[in-house]
Enquirer: 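Mind looking over this structure? Questions follow.
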Amino acid sequence: QVQLVESGGGSVQAGGSLRLSCAASGTTSNTYCMGWFRQAPGKEREGVAVIYIAPGSTYYANSVKGRFTISHDNAKNTLYLQMNSLKPEDTAMYYCAADQSYIGCGMGQVPYLQYRGQGTQVTVSS
């Protein structure tokens, strides 16, 4: 079992930055991939970024590419999402997720991975 706790959300103006953190606890040694997804009111869940833990390879949704950076600190068992040049359309609840099943971690799968946190709200005003 893996427990995930997000933090770092808040309210910023367009063009600003935020860094989200996701602290993982429990049996984390077998984690294959982790990611961030978001959900805005009335919209479907959207995968935002993925990192494969062992090779460190990263992938991003087109909507955030070049603005967001996902990273993972193995020593701290913490996942990060650095968000720059934020736009009002980035407003959503952001969740982190983790997988140990080795089934896959495509962008569309991120919102449905084995383990998910409770989320942290990001609000971007124009």
Enquirer: Are Val12 and Val122 connected into the same hydrophobic cluster when the rule is that any two of I, L, V, M, F, W, Y join if their side-chain heavy atoms are below 4.5 Å apart?
Expert: yes
Enquirer: How long is the span from the SG atom in Cys22 to the CZ atom in Arg116, to the nearest 0.5 Å?
Expert: 12.5 Å
Enquirer: Do Asp73 and Thr78 have a side chain donor and acceptor closer than 3.5 Å?
Expert: no
Enquirer: Side-chain heavy atoms nearer than 4.5 Å, only ILVMFWY residues, links allowed to pass through others: does that put Tyr32 and Val110 together?
Expert: yes
Enquirer: Is any side-chain heavy atom of Leu86 closer than 4.5 Å to one of Leu18?
Expert: yes
Enquirer: If Ile, Leu, Val, Met, Phe, Trp and Tyr residues are connected whenever their side-chain heavy atoms lie under 4.5 Å apart, and connections chain through other members, are Leu81 and Val2 in the same group?
Expert: yes
Enquirer: To the closest 0.5 Å, what do you measure between OG (Ser85) and CZ (Arg67)?
Expert: 7.0 Å
Enquirer: If two hydrophobic side chains count as joined below 4.5 Å and joins carry through other members, does Met83 share a cluster with Val48?
Expert: yes
Enquirer: Going by the rule side chain to side chain contact (heavy atoms under 4.5 Å, CB included), which residues pair with Asn62 if we only count those two or more places apart in sequence or in a different chain?
Expert: Lys65
Enquirer: Just wondering, are more than 12 heavy atoms of other shown residues or ligands nearer than 6.0 Å to CD in Gln118?
Expert: no
Enquirer: Which value, rounded to the nearest 0.5 Å, describes the distance between Thr58 atom OG1 and His72 atom NE2?
Expert: 13.5 Å
Enquirer: Report yes or no: do Met34 and Tyr115 belong to one cluster of Ile/Leu/Val/Met/Phe/Trp/Tyr joined by side chain heavy-atom distances under 4.5 Å?
Expert: yes
Enquirer: Which pair of non-hydrogen atoms, one from Ile53 and one from Asn74, has the smallest distance, and what is that distance?
Expert: CG2-OD1, 3.9 Å
Enquirer: Centroid separation under 6.0 Å, is that true for the rings of Tyr60 and Phe68?
Expert: no
Enquirer: Checking the side chain of Arg45 only, and the main-chain atoms of Pro111 only, is there a donor and an acceptor separated by less than 3.5 Å?
Expert: yes
Enquirer: Is Glu6 reaching over with its side chain to a backbone N or O of Gly119, donor-acceptor style, under 3.5 angstrom?
Expert: yes
Enquirer: Specify the closest pair of heavy atoms between Ala40 and Ala92, including all atoms of both residues, with the distance to one decimal.
Expert: N-CB, 3.8 Å
Enquirer: Could you check whether any side-chain N or O of Thr91 sits under 3.5 Å from a backbone N or O of Val124, counting only pairs where one atom can act as donor and the other as acceptor?
Expert: yes
Enquirer: Find out whether Tyr52 and Tyr59 are in side-chain contact, i.e. whether some heavy atom of one side chain is under 4.5 Å from a heavy atom of the other.
Expert: yes
Enquirer: Which heavy-atom pair separates Leu79 from Cys96 by the least distance, and what is that distance?
Expert: CD2-CB, 4.0 Å
Enquirer: Could you give the distance from CD (Gln82) to OG (Ser71), rounded to the nearest 0.5 Å?
Expert: 8.5 Å
Enquirer: Got a sec, which residues hit ring pair (Phe, Tyr, Trp, His ring centres under 6.0 Å) with Tyr94, two or more places apart in sequence or on another chain?
Expert: none
Enquirer: So, does Gln109 use its side chain to make a donor-acceptor pair with the main chain of Leu113 at under 3.5 Å?
Expert: no
Enquirer: What are the two closest non-hydrogen atoms of Gly47 and Ala61, and how far apart are they?
Expert: O-CB, 3.4 Å
Enquirer: Are any non-hydrogen side-chain atoms of Thr120 and Leu20 less than 4.5 angstrom apart?
Expert: yes
Enquirer: Is it true that Ser63 and Glu46 share a donor-acceptor pair across their side chains at a distance under 3.5 Å?
Expert: yes
Enquirer: Between Trp36 and Tyr80 (side chain of the first, backbone of the second, donor and acceptor by atom type, cut-off under 3.5 Å), is there such a pair?
Expert: yes
Enquirer: Specify the closest pair of heavy atoms between Leu4 and Ala98, including all atoms of both residues, with the distance to one decimal.
Expert: CD1-N, 3.8 Å
Enquirer: Which heavy-atom pair separates Thr31 from Gln100 by the least distance, and what is that distance?
Expert: OG1-NE2, 3.4 Å
Enquirer: For the residue pair Arg38 and Tyr95, would you count it as a cation-pi contact if the rule is NZ or CZ under 6.0 angstrom from the ring centre and within 45 degrees of the ring axis?
Expert: no
